[in-house]
Student: 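I am attaching a structure below and will ask some questions about it afterwards.
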Amino acid sequence: MSVFTRISLKPEVAEHLQSVFLNAEVLAAVGHQEAESRFHRLLTCLSHPPSYTCVRASTHLASLEEIRHKMGEELTKQQMCSSSAEDVSLRIVPHPRIPDVLLLPVDGPRSVEQLSSEVVVGAQCGNAVLRGAHVFAPGIIASPKYMKAGDVVSVFSDLEGRCTRGATSFQGKKVFVGNGVAELGRSSIFCADKPAKGVGVRMVDPLYQSPSFDGVLPNLVFLQNLPSVVVGHVLGPRPGERILDMCAAPGGKTCHIAALMGDQGEVVALDRIRNKIDRIQQNAQMLQLRSIKAFCFNSTQAVSSDPAHGTEGPPFPPESFDRVLLDAPCSGLGQRPNMACTWSLKEICSYQPLQRKLFRAAVQLLKKGGVLVYSTCTVTPAENEEQVAWALATFPCLTLQPQEPHIGAGGMLGAGLPPEQLRLLQRFSPELIWDQTETTAPLPDRADRDTIGFFIAKFLKN
């Protein structure tokens, strides 16, 4: 069921996306009416969360069934401590094709009565609440003048970023995301001398209800969108290999690769931002993965021009890696839920040159016979299928490969790729199947379809 308006976009961005999703190839294949319907479904489903929470299990540390059992116990304890009037019926289902994935259905949208006492949070905080998070104090922008700990409040998300921090009310464009209990008073939240930390509002009656994983088995379960888990399996790492993750932060895919290798071999993780490297190292330590080596480095410069340069750290000699993952920086327009994007068209379209610089480096660093996986969490063909067409034309040594598992759709028409190549691509396109009334499909089937927007291409270097 649709409870929000479509994702809020600048008019120039909406017009550009419409022209892309109603391109000549698409119109010839499905007709104007169906193409337009798909586009409008995309804008609607992007503002809503997926119907399932996906958890990647650390099966290198324990069996899937053991982790499933422990997670069930922890989440049951969480429910017993909750003051929610209506608890979620806990169902934890293994994915039938992905051996380290557990799925939990999300209950929503629920019928929740709005209260007169309102707390306003930032858009990113509001998105997190829709996926089961509590409201952390830094995300709170406005609260009632005399709000104190223990007050029951309604939480609203500021869609356009126009609420003034510290305000007592806000009449701008906002959406209701549920009710909660204040853990902190207003004076603590907006204290200038000591910024508040921790949970500011504990959600007890959210619009979309799913378990909070804050502090739940941190070394055994990792919240990760299903397509992001698929990427690691498509890359297909093997024990003893040397693998490069070019844009690795925050390290979810890096750790997954190391786990799939049985922690045997070497996984090199690069990212430009120092504190993100620290996060990768912390995650690796928590998951007991010793094969990960993380470096603060710009991956566009990761190829060494000096053949005598050592291979311990970047830059690296050409053909240094058996497999390369390029999970590229992108416009992120596939993320869900996302009720508003304030970017300009120039910003949305700015990623293609950077992605191509990274791709060139990836091809050079890959050994002959090696595998390169390119992925994004966006829906624009310019960052996905058009990049594949460019790569195949630019690097004759590359050929597209089948992907396993392949649970998404094929590539989107419009980049001039032939049908046999589009079938080898994997595009997670929730708009193709998103139906506000469909609830009868088996859980794994619906979970495979109702995901974030995502794209994966797999290449072999001949």
Student: Between Q301 and S299, do the side chains contain an N or O donor and an N or O acceptor separated by less than 3.5 Å?
Tutor: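 Per modelled atom types, Q301 and S299 side chains form no pair under 3.5 Å.
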Student: Give a yes or no on whether the backbone of V101 and the side-chain of H95 come within a donor-acceptor separation of less than 3.5 Å.
Tutor: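 Checked: no pair found.
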Student: So, taking the atom named OG in S320 and the one named CD1 in I243, what distance separates them when rounded to the nearest 0.5 Å?
Tutor: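 Output value for this atom pair is 14.0 Å.
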Student: Before you tell me yes or no, could you show the steps for F136 and D214 under side chain to side chain contact (heavy atoms under 4.5 Å, CB included), namely the whole-Å CA-CA distance, both residues' side-chain angles and the distance that decides it to 0.1 Å?
Tutor: CA-CA 11 Å; F136 284 79; D214 184 28; 4.0 Å; yes
Student: Do P402 and L424 have side chains that get closer than 4.5 Å, going by heavy atoms?
Tutor: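 Yes, close enough: below the 4.5 Å cut-off.
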Student: Looking only at heavy atoms, which two atoms of V20 and N23 are closest? And how far apart?
Tutor: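 So the two residues come closest at O-ND2, 2.8 Å.
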Student: Whether the side chain of N283 engages the backbone of I280 through a donor-acceptor N/O pair (distance < 3.5 Å, no angle test) should be reported.
Tutor: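 Checked: no pair found.
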Student: Looking at Q33, E34, R41, H40, which hits side-chain hydrogen bond (donor to acceptor under 3.5 Å, both in side chains) with S37?
Tutor: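 Answer to the side-chain hydrogen bond (donor to acceptor under 3.5 Å, both in side chains) test with S37 among Q33, E34, R41, H40: R41.
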Student: When you look at E319 and L366, which way does the side chain to side chain contact (heavy atoms under 4.5 Å, CB included) test go after all the steps?
Tutor: CA-CA 5 Å; E319 300 186 3; L366 186 64; over 6 Å; no
Student: Between the side chain of K461 and the main-chain N/O of V363, is any donor-acceptor distance below 3.5 Å?
Tutor: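 Pair found, side chain donor or acceptor close to backbone of V363.
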Student: For P206 versus V112, what's the shortest heavy-atom pair and its separation?
Tutor: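 Shortest heavy-atom contact: O-CG2, 3.7 Å.
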Student: Could you measure the distance from the CZ atom of R242 to the OG atom of S291? Nearest 0.5 Å is fine.
Tutor: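 Reported value, rounded in 0.5 Å steps: 12.5 Å.
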Student: Please evaluate residues L333 and W343 with respect to the criterion side chain to side chain contact (heavy atoms under 4.5 Å, CB included), reporting the C-alpha separation (whole Å), side-chain torsions for both, the decisive distance (0.1 Å), and the verdict.
Tutor: CA-CA 10 Å; L333 285 176; W343 284 10; over 6 Å; no
Student: Below 6.0 angstrom between ring centroids: does that apply to F359 and Y374?
Tutor: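 Between Y374 and F359, which both carry aromatic rings, the centre distance is below 6.0 Å.
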Student: Using a strict threshold of under 4.0 Å (side-chain N to carboxylate O), is an ion pair present between K174 and D158?
Tutor: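 The answer is no: the pair does not qualify as a salt bridge.
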Student: Evaluate the salt bridge (charged side-chain N to carboxylate O under 4.0 Å, His left out) criterion for residues E73 and K70: first the C-alpha distance (whole Å), next the side-chain angles of each, then the deciding distance (0.1 Å), finally the verdict.
Tutor: CA-CA 5 Å; E73 288 183 334; K70 288 185 176 181; over 6 Å; no
Student: Mind running side-chain hydrogen bond (donor to acceptor under 3.5 Å, both in side chains) on N384 and T376 for me, showing each step along the way?
Tutor: CA-CA 7 Å; N384 296 328; T376 73; 2.6 Å; yes
Student: Do L9 and L43 come close enough that some side-chain heavy atom pair is under 4.5 Å?
Tutor: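 Side-chain contact under 4.5 Å: yes.
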Student: For the pair Q401 and T399, evaluate side-chain hydrogen bond (donor to acceptor under 3.5 Å, both in side chains) and give the outcome as yes or no after the intermediate values.
Tutor: CA-CA 6 Å; Q401 297 296 297; T399 54; 3.2 Å; yes
Student: Just checking N298: does its CG atom have more than 12 heavy atoms from other residues, nucleotides or ligands closer to it than 6.0 angstrom?
Tutor: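 Above 12, so yes.
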Student: Give the minimum heavy-atom separation between V234 and P405, together with the two atoms involved.
Tutor: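 Minimum heavy-atom contact is CG2-O, 3.9 Å.
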Student: Any Lys/Arg nitrogen of E12 or K10 sitting under 4.0 Å from an Asp/Glu carboxylate oxygen of the other?
Tutor: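 No, this pair does not count.
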Student: Determine the minimum heavy-atom distance between S58 and L287, stating which atoms define it.
Tutor: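 Taking S58 first and L287 second, the nearest heavy atoms are OG-CD2, 3.5 Å.
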Student: Closer than 3.5 angstrom, by distance alone: can the side chain of N462 be matched with the main-chain N or O of L398 as a donor-acceptor pair?
Tutor: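 No, N462 side chain to L398 backbone: no donor-acceptor pair under 3.5 Å.
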Student: Report yes or no: does E160 contribute a side-chain atom to a donor-acceptor pair with the main-chain N or O of G172 at less than 3.5 Å?
Tutor: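 No, the answer is negative, given that no donor and acceptor are paired below the 3.5 Å cut-off.
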Student: Taking atom CZ of R238 as the centre, does the number of heavy atoms from other residues, nucleotides or ligands within less than 6.0 Å exceed 12?
Tutor: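 For R238, atom CZ is not crowded (no more than 12 foreign heavy atoms under 6.0 Å).
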Student: For Q124, does the CD atom have more than 12 heavy-atom neighbours from other residues, nucleotides or ligands under 6.0 Å away?
Tutor: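 No - once you tally the heavy atoms of other residues, nucleotides and ligands closer than 6.0 Å, there are 12 at most.
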Student: Do the non-hydrogen side-chain atoms of P227 and I452 ever get within less than 4.5 Å of each other?
Tutor: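 They are in contact (side-chain heavy atoms under 4.5 Å apart), so the answer is yes.
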Student: State whether the side chain of D263 and the backbone N or O of R290 hold a donor-acceptor pair below 3.5 Å, judged by distance alone.
Tutor: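 Judged by distance alone, yes, a pair lies under 3.5 Å.
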Student: Verify the neighbour count for atom CZ of R279: are there more than 12 heavy atoms of other residues, nucleotides or ligands below 6.0 Å?
Tutor: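 12 or below, so no.
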Student: Do you know the tightest heavy-atom contact between A447 and L103?
Tutor: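 Heavy-atom minimum between the residues: CB-CD1, 3.8 Å.
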Student: To the nearest 0.5 Å, how far apart are CG in L42 and CG in L17?
Tutor: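 The CG atom of L17 is 7.5 Å from CG of L42, to the nearest 0.5 Å.
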Student: Can any side-chain N or O of Q209 pair as donor or acceptor with the backbone N or O of R110 at less than 3.5 Å?
Tutor: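 Not a single qualifying donor-acceptor pair exists.
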Student: Just by modelled atom types, is the H48 backbone N or O under 3.5 Å from a matching donor or acceptor in the R336 side chain?
Tutor: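 Yes, because the side chain of R336 sits within donor-acceptor range (under 3.5 Å) of the backbone of H48.
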Student: Run the ring pair (Phe, Tyr, Trp, His ring centres under 6.0 Å) test against F454 and tell me which residues pass, sequence neighbours left out.
Tutor: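 Residues passing ring pair (Phe, Tyr, Trp, His ring centres under 6.0 Å) with F454: none at all.
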Student: Roughly how far apart are I98 CD1 and L64 CG, rounded to 0.5 Å?
Tutor: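 I98 CD1 to L64 CG: 11.5 Å, rounded to 0.5 Å.
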Student: Do E385 and R427 have side-chain heavy atoms sitting under 4.5 Å apart?
Tutor: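 Counting from C-beta outward, E385 and R427 do come under 4.5 Å.
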Student: Sequence neighbours left out, what passes side-chain hydrogen bond (donor to acceptor under 3.5 Å, both in side chains) with E241? Give chain and number order.
Tutor: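 E241: side-chain hydrogen bond (donor to acceptor under 3.5 Å, both in side chains) contacts with R323.
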Student: Suppose we screen for side-chain hydrogen bond (donor to acceptor under 3.5 Å, both in side chains). Which residues come up paired with E347, at least two apart in sequence or across chains?
Tutor: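 Once residues adjacent in sequence are excluded, the partners of E347 under the side-chain hydrogen bond (donor to acceptor under 3.5 Å, both in side chains) criterion are S344.
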Student: As a quick check of understanding, evaluate salt bridge (charged side-chain N to carboxylate O under 4.0 Å, His left out) for K367 and D322, giving each step before the final call.
Tutor: CA-CA 6 Å; K367 294 178 181 178; D322 298 290; 3.3 Å; yes
Student: Determine, stepwise, if the pair R131 / N225 fulfils side-chain hydrogen bond (donor to acceptor under 3.5 Å, both in side chains).
Tutor: CA-CA 11 Å; R131 298 205 73 170; N225 288 302; 2.9 Å; yes
Student: Check whether any side-chain heavy atom of L130 lies under 4.5 Å from a side-chain heavy atom of M339, and answer yes or no.
Tutor: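 Side-chain contact under 4.5 Å: yes.
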Student: So do D100 and L260 actually touch side chain to side chain, heavy atoms under 4.5 Å?
Tutor: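 Heavy-atom side-chain distance check passes, below 4.5 Å.
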Student: Would a 4.5 Å heavy-atom cut-off, applied to side chains only, mark M71 and L220 as touching?
Tutor: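 Result no, sub-4.5 Å side-chain heavy-atom pair not found.
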Student: Donor-acceptor pair, distance only, cut-off 3.5 Å: does the side chain of R68 make one with the backbone of I92?
Tutor: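 Checked: pair present.
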Student: Measure centre to centre between the rings of F321 and F316, then say whether the value is under 6.0 Å.
Tutor: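 When the ring centroids of F321 and F316 are compared, they turn out to be within the sub-6.0 Å range.
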Student: So D245 and K253, do their side chains get closer than 4.5 Å, heavy atoms only?
Tutor: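 Yes. Closest side-chain heavy atoms under 4.5 Å.
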Student: May I have the step-by-step check of side chain to side chain contact (heavy atoms under 4.5 Å, CB included) for L270 and C247, ending in yes or no?
Tutor: CA-CA 6 Å; L270 303 182; C247 305; over 6 Å; no
Student: Would you check if the side chain of S47 reaches a backbone N or O of T44 as a donor-acceptor pair within less than 3.5 Å?
Tutor: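 Confirmed, S47 side chain pairs with T44 backbone.
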Student: Going through the checks in order, is the side-chain hydrogen bond (donor to acceptor under 3.5 Å, both in side chains) test met by Q352 and E383?
Tutor: CA-CA 6 Å; Q352 194 182 71; E383 298 174 79; over 6 Å; no
Student: Do you know which two heavy atoms are closest between R56 and G252, and how far apart they sit?
Tutor: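 Closest heavy-atom pair between R56 and G252: NH2-O, 2.9 Å.
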